[in-house]
Every structure is written in C-alpha cells, then in structure tokens.
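Small disclaimer: the values here were computed from a predicted structure and weren't measured.
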Amino acid sequence: MGYTVEKISGNQVKIAFEIASEKFDEAVQKAYLKVRGKVNVPGFRKGKAPRKMIESMYGEAVFYDDAFDILFPGEYEACVKEHDIKVVDRPEVDEVEQIGVGKDLKFTVKVFVKPDVELGNYKGLKAIKYVHKVTDEEIDARINQDVEKATTMVDVTDRAVENGDIVNLNYAGTVDGVAFAGGTAENQTLEIGSGRFIPGFEEQMIGMNLEEEKDLQVKFPEEYHAEELKGKDAVFHVKVNGIQMKVKPELDDDFAADVSEFDTFDAYKQHIVDELNEKAQKNAAVQLENELVQQAVDAADCDIPDSMIEDEIEIMIREMKMRMMYQGFKYEDYLKYTGQTEEQVKEMYRPEAKNRVKMQLVLEAMVKAENVEVSDEDVEKVTVEEAERMGREVEEFKASLSDRQKDYLKENAAIRKVVDLLVESAEVEEKEETEKINVAETMAAVEEAAQAAEAQDEE
C-alpha cells in the first residue's frame with residue numbers, strides 16, 4: 001500500500017496511489033454520515049435513512065465521490081512530502097483503476113512540477129562593464145541638494161517681487177466675469193518662476209509690491225485638465241500678502257562644516273565625488289551581474305509550466321497595484337485611461353514573467369550544479385542587506401521572520417554565491433558608459449542599409 005512516482009516529462013510527474021480497502025471503507029462511512037441529511041428516502045425522516053437503503057435506491061457508488069474527496073488530500077500531501085515533489089499546479093486525476101467497498105482504491109494523478117533545467121555554458125562568459133563617468137553637473141547637483149537644505153528665507157519689505165521670490169498671495173479668477181471652481185484661494189505660497197501656475201501668471205507678478213492688488217490677464221492652455229477652461233481667457237485678481245527671498249549659503253569651509261563632517265569645502269566636495277563614483281561603480285556592478293545572469297538564462301533550456309508563468313504574472317500585477325496605490329492611483333483607473341483590459345495587461349507582462357521564472361529556475365539549478373553550501377555568515381549578510389533595503393532595524397527584522405522567510409533568505413544567500421561565481425569567472429572589459437553602443441540607432445542603421453541594398457537589387 002502507498003504510492004509510486006514516475007516522471008513522465010521534464011515538468012510533470014505521474015503518481016500511482018494504492019490505498020487499503022479498510023481506509024476506503026472508512027471514508028465511505030464518513031461520506032454517508034456527511035451527506036445523509038441531504039437525501040430524501042420515503043418512510044424516513046431526513047438524515048435517518050440507513051446507508052444500505054440509500055445505496056439500494058441510488059446505487060452502491062453513491063458515496064464513492066465524496067469518499068474519494070475525503071481521502072485524497074491527506075494521501076496526496078503525504079506523498080508530496082515523502083518524495084519532496086516540487087508541485088507548481090493542482091493535481092489532475094488521470095485514471096481510477098479500482099474503486100469499491102472491500103477493495104483497495106487504485107488511481108493515478110498527474111501534476112506539473114518545477115521543470116528540469118538543462119544548463120548551458122555559464123562560466124567564462126564575456127561581458128562589458130559600463131561605468132558611468134560622473135560629470136561636473138552631477139557633482140554640482142548633489143552639492144545643490146545640501147545648499148537647498150541650508151538655504152534660509154528672509155522677508156522682503158523694501159522692494160518689489162522678483163523672479164525666484166516666494167510670494168504669499170490671494171487670488172480670485174473669473175472667466176467672462178464669472179468665478180469658476182478652484183479659481184479662488186487665500187494665503188497661497190508661490191515661487192515666482194517655478195511654472196506652477198498657468199503661463200503668464202507668474203511673469204505678471206514680477207514688479208508687484210507688498211499689499212499691492214492687480215488684475216492678471218491670462219489664457220488657459222488648450223490642453224488643460226478642466227474641460228470647461230481649455231483655451232479660455234481669464235482674469236485673476238491677485239493681492240501680494242508677503243514676499244520672501246531665498247538666501248543661499250556661500251560655498252566655503254563654513255558651509256561644509258554646517259552640512260557635513262568635513263572642515264573644508266575641498267574635503268567635502270571630494271567626499272561628494274567619491275560618493276558619486278562609488279554609486280556609479282555599484283550600479284555598473286549590478287548591470288554587469290544582470291547581463292551575465294541573463295546570458296546564463298538564455299543559454300539554458302527548460303519547459304516551464306503555464307501555471308508558473310500565470311502565478312508570476314499575478315505577482316507582477318499585485319506589485320503594479322501596490323506602486324499605484326502608493327502614488328494615489330487606482331488600478332481600475334489605469335485600465336480606463338489606457339483603454340486596456342486586464343487580459344491585455346497580463347499578456348503585456350507575460351514575456352517578462354516567463355523570463356523571471358526561468359531566471360529563478362536557472363539560478364536554482366546552478367546552485368545545485370555547483371553544490372553550493374551557505375554558512376551562517378552568508379545568511380547573516382543577505383539578512384542585513386534585506387533589513388537595510390526595507391529600512392528596518394536588523395534585530396527587529398530578524399525577530400519578525402517566519403520559518404518560510406528564513407528559508408527564502410537562505411536560498412538568496414546561495415543564489416548570491418552563484419552570481420558571484422558568474423562574475424568571478426567572466427571575462428569582463430570595463431568601459432566608460434559614454435562608449436556604450438546605442439542599440440536602437442545601430443539597428444536603425446542596419447535596417448536602413450538593408451533597405452538600400454534591397455532597392456539597389458531591384459534596380
């Protein structure tokens with residue numbers, strides 16, 4: 001009594017079950033007790049008819065389906081656990097060979113499992129590591145972030161509004177002399193030159209004095225979110241309640257000491273440069289890893305069950321919904337605005353979902369092929385990285401982990417070692433990112449040359 005497992009393809013197994021007659025007979029009795037209250041038998045109150053009477057009326061097999069449903073889940077789970085079968089879909093009953101009271105129950109099921117992976121070459125791969133060259137503009141932009149933090153606001157009382165000032169104002173807008181929704185406000189803050197208001201509004205405020213009132217003549221853009229205001233001429237009556245100007249710090253040693261741990265501006269700036277270069281190197285390393293992993297994935301072969309791809313698509317759509325929720329959007333509105341159905345979104349995600357599933361399978365196969373073993377230190381490293389990525393305290397994060405999550409981190413540690421192996425064994429040429437070939441332009445040039453050649457042949 002028990003079960004035998006037979007692999008019938010790279011991604012499917014067939015399980016033959018043989019369950020003792022005593023177990024099946026017991027399940028039939030449980031099925032009778034479960035459904036007898038639903039069966040009408042003349043001369044008996046509902047639920048009181050003897051089993052033999054019901055079987056004589058509806059046939060001996062009347063309880064077999066329910067008995068099978070009672071037995072199957074436990075037997076199936078025990079088999080999957082004992083044989084460590086990595087199922088990825090619901091089992092499908094293939095054939096019932098024998099069923100009946102006093103007989104051993106014999107049947108077979110088929111189920112899709114994690115597919116076998118035929119690895120291609122993944123050592124000694126060739127790739128180019130493109131490292132972004134940090135520009136002066138990027139350095140200045142990074143320093144400007146600290147400048148903005150150190151900038152102070154000063155009230156202006158002795159001059160008119162200038163470009164770049166922060167103005168506190170009241171305004172009331174009308175179209176053809178009639179006020180419109182959202183066109184009136186008090187004590188609003190506006191940075192002149194920011195482009196937040198409709199064209200012409202901010203420019204006309206330049207030169208206004210404190211407490212001055214003025215009518216601004218403006219025109220709403222042809223492309224505007226409020227249909228009733230598109231292209232309309234409008235008048236805004238504005239009053240300047242207050243004027244402030246930004247006072248930026250001088251880029252000197254005092255500034256450096258205020259915004260950083262460095263005493264001189266030169267040391268502070270060098271730290272910024274080092275920080276940006278380090279970030280560029282990390283980004284380049286990640287891109288290199290992605291390129292090498294993708295090469296290994298493309299070189300491998302496996303027959304992925306559709307259910308695994310469908311599951312990954314569902315995960316991707318959930319991720320999409322979460323991102324939209326954080327940004328204040330609804331998934332339903334996205335479908336409406338883009339004119340897409342959910343099925344079309346799923347099909348859009350299908351190629352990426354298939355690649356993500358295959359990538360995971362290939363990396364797991366490489367872990368197995370390389371007999372990778374992870375130490376407590378390896379797991380600790382990925383745990384700390386995950387905690388930092390999530391912005392959580394390491395010890396608190398560890399305490400919150402379930403056994404399943406701990407297993408996941410252990411698997412990640414093993415995959416991390418395999419990716420390191422890919423990089424270490426690869427032939428890598430390092431170039432500046434500016435040397436990177438524009439693939440789109442190259443393909444366009446190739447296509448243009450082919451068309452020219454074709455036209456010449458026709459001539």
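Within 6.0 Å of the CG atom in Asp65, the count of heavy atoms belonging to other residues, nucleotides or ligands does not exceed 12. The environment of CD in Glu275 is crowded: more than 12 heavy-atom neighbours from other residues, nucleotides or ligands sit within 6.0 Å. Remark: Glu223 CD is loosely packed, at most 12 non-hydrogen atoms of other residues, nucleotides or ligands lying under 6.0 Å away. More than 12 heavy atoms of other residues, nucleotides or ligands shown are found within 6.0 angstrom of CG on Asn163. Within a 6.0 Å sphere centred on CD of Glu261, other residues, nucleotides and ligands contribute 12 heavy atoms or fewer. Under a cut-off of 6.0 angstrom, the local environment of NZ in Lys330 is sparse, with at most 12 non-hydrogen atoms contributed by other residues, nucleotides or ligands. Counting heavy-atom neighbours within 6.0 Å of Glu393 CD, excluding the residue itself, gives a total of 12 or less.
Remark: side-chain polar atoms of Glu18 are not paired, donor with acceptor, to backbone N or O of Asp104 under 3.5 angstrom. Side chain of Ser307 to backbone of Val88: a donor-acceptor contact under 3.5 angstrom is found. In this structure, Glu291 contributes its side chain and Val286 its backbone to no donor-acceptor pair below 3.5 Å. A donor-acceptor contact shorter than 3.5 Å is absent between the side chain of Asp378 and the backbone of Ala413. When atom types are taken as modelled, the side chain of Asn11 and the backbone of Asp303 share a donor-acceptor pair closer than 3.5 angstrom. Between the side chain of Gln344 and the main chain of Thr341, a donor-acceptor pair closer than 3.5 Å is present. Side chain of Lys30 to backbone of Ile70: no donor-acceptor contact under 3.5 angstrom is found. The main-chain N or O of Val167 is never found under 3.5 Å from a side-chain atom of Asp165 such that the two would form a donor-acceptor pair. Using a distance-only test at 3.5 Å, with no hydrogens or angles considered, a donor-acceptor pair links the side chain of Asn277 to the main chain of Val273. When atom types are taken as modelled, the side chain of Glu432 and the backbone of Val131 share no donor-acceptor pair closer than 3.5 angstrom.
A heavy-atom distance below 4.5 Å is not found between the side chains of Val218 and Pro199. Looking at Leu119 and Val362, their side chains come closer than 4.5 Å, going by heavy atoms from C-beta outward. Looking at Ile166 and Thr189, their side chains come closer than 4.5 Å, going by heavy atoms from C-beta outward. Counting only heavy atoms from C-beta outward, the side chains of Lys14 and Val109 never approach each other to under 4.5 Å. Inter-residue side-chain proximity for Ser425 and Leu125 is flagged as unmet; no heavy-atom pair is nearer than 4.5 Å. Taking the side chain as every heavy atom from C-beta outward, Lys126 and Glu429 never approach each other to under 4.5 Å. Between His132 and Glu138, some side-chain heavy-atom pair lies under the 4.5 Å cut-off. The shortest distance between side-chain heavy atoms of Leu421 and Lys123 falls below 4.5 Å.
Atom CG of Leu401 is separated from atom CD of Glu396 by 9.5 Å, given to the nearest 0.5 angstrom. From Lys129, atom NZ reaches atom NZ of Lys431 across 15.0 Å, with rounding to the nearest 0.5 Å. Taking CG of Asn290 as the start and CE of Met359 as the end, the distance is 7.0 Å to the nearest 0.5 Å.
Salt-bridge formation is not detected for the pair Arg196/Glu202: no Lys NZ or Arg NE/NH1/NH2 atom is positioned less than 4.0 Å from an Asp or Glu carboxylate oxygen. Salt-bridge formation is not detected for the pair Glu370/Lys417: no Lys NZ or Arg NE/NH1/NH2 atom is positioned less than 4.0 Å from an Asp or Glu carboxylate oxygen. The residues Glu312 and Arg356 are annotated as salt-bridged, a charged nitrogen and a carboxylate oxygen being separated by less than 4.0 angstrom. Residues Lys23 and Glu26 are not paired through a salt bridge, judged by the lack of any N-O separation under 4.0 Å between the basic side chain and the carboxylate. Taking 4.0 Å as the cut-off between side-chain N and carboxylate O, Lys7 and Asp116 count as a salt-bridged pair. Ion pairing of Glu380 with Lys398 is present here, as a side-chain N (NZ or NE/NH1/NH2) and a carboxylate O approach within less than 4.0 Å. Ionic pairing of Asp84 and Lys86 is present here: one or more N-O contacts between side-chain nitrogen and carboxylate oxygen are shorter than 4.0 angstrom.
For the ring pair (Phe, Tyr, Trp, His ring centres under 6.0 Å) test, no residue two or more places apart in sequence or in another chain qualifies with Tyr331. Judged as a ring pair (Phe, Tyr, Trp, His ring centres under 6.0 Å), and not counting sequence neighbours, the contacts of Phe262 are His271. A search for ring pair (Phe, Tyr, Trp, His ring centres under 6.0 Å) contacts involving Phe255 returns Tyr268, not counting sequence neighbours. Partners of Tyr408 under the ring pair (Phe, Tyr, Trp, His ring centres under 6.0 Å) rule, at least two apart in sequence or in another chain, do not exist in this structure.
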- Query: Would Phe107 and Ile99 satisfy side chain to side chain contact (heavy atoms under 4.5 Å, CB included), going step by step from the backbone distance to the final call?
  - Reply: CA-CA 8 Å; Phe107 64 95; Ile99 187 170; over 6 Å; no
- Task: Please test Ile304 against Cys302 for side chain to side chain contact (heavy atoms under 4.5 Å, CB included), starting from the C-alpha separation and ending with a verdict.
- Result: CA-CA 6 Å; Ile304 305 172; Cys302 62; 3.8 Å; yes
- Message: Please evaluate residues Ile15 and Ile85 with respect to the criterion side chain to side chain contact (heavy atoms under 4.5 Å, CB included), reporting the C-alpha separation (whole Å), side-chain torsions for both, the decisive distance (0.1 Å), and the verdict.
- Response: CA-CA 10 Å; Ile15 309 173; Ile85 304 172; 3.9 Å; yes
- Task: Starting from the C-alpha separation in whole Å, work towards a yes-or-no answer on ring pair (Phe, Tyr, Trp, His ring centres under 6.0 Å) for Tyr171 and Phe197.
- Result: CA-CA 12 Å; Tyr171 61 81; Phe197 279 28; 5.5 Å; yes
- Evaluate side chain to side chain contact (heavy atoms under 4.5 Å, CB included) for Val13 paired with Phe112, printing each intermediate quantity in order. CA-CA 7 Å; Val13 298; Phe112 284 102; over 6 Å; no
- Task: Using the ring pair (Phe, Tyr, Trp, His ring centres under 6.0 Å) rule, take Phe220 and Phe180 through it: C-alpha gap first, then chi angles, then the decisive distance, then the call.
- Result: CA-CA 13 Å; Phe220 281 97; Phe180 53 87; 5.7 Å; yes
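Checked against a 6.0 Å centroid threshold, the rings of Tyr64 and Phe24 count as neighbours. Here the two rings, on Tyr76 and Tyr3, have centers that are 6.0 Å apart or farther. Ring centers of Phe329 and Tyr334: at least 6.0 Å apart, outside the cut-off.
Each of Glu289, Glu411, Glu377 was checked for a salt bridge (Lys or Arg N to Asp or Glu O under 4.0 Å) with Arg416, and the lone residue meeting it is Glu289. Each of Lys358, Gln12, Met308 was checked for a side chain to side chain contact (heavy atoms under 4.5 Å, CB included) with Pro115, and the lone residue meeting it is Met308. Put simply, the residue from Glu314, Arg350, Lys346 that forms a side chain to side chain contact (heavy atoms under 4.5 Å, CB included) with Ile309 is Arg350.
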Please table the atom pairs, donor to acceptor, closer than 3.5 Å between any side-chain atom in residues 316-324 and protein atoms at least two apart or in another chain.
none

Please output the side-chain donor-acceptor pairs of residues 381-391 that fall under 3.5 Å, not counting sequence neighbours, one pair per line with the distance.
residue, atom, partner, partner atom, Å
Thr383, OG1, Val379, O, 2.7
Glu386, OE1, Arg389, NE, 3.3
Glu386, OE2, Arg389, NH2, 2.7

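Taking both residues in full, the closest heavy atoms of Gly100 and Asp25 are given as O-OD1, 4.3 Å, listed atom of the first, atom of the second, then distance.
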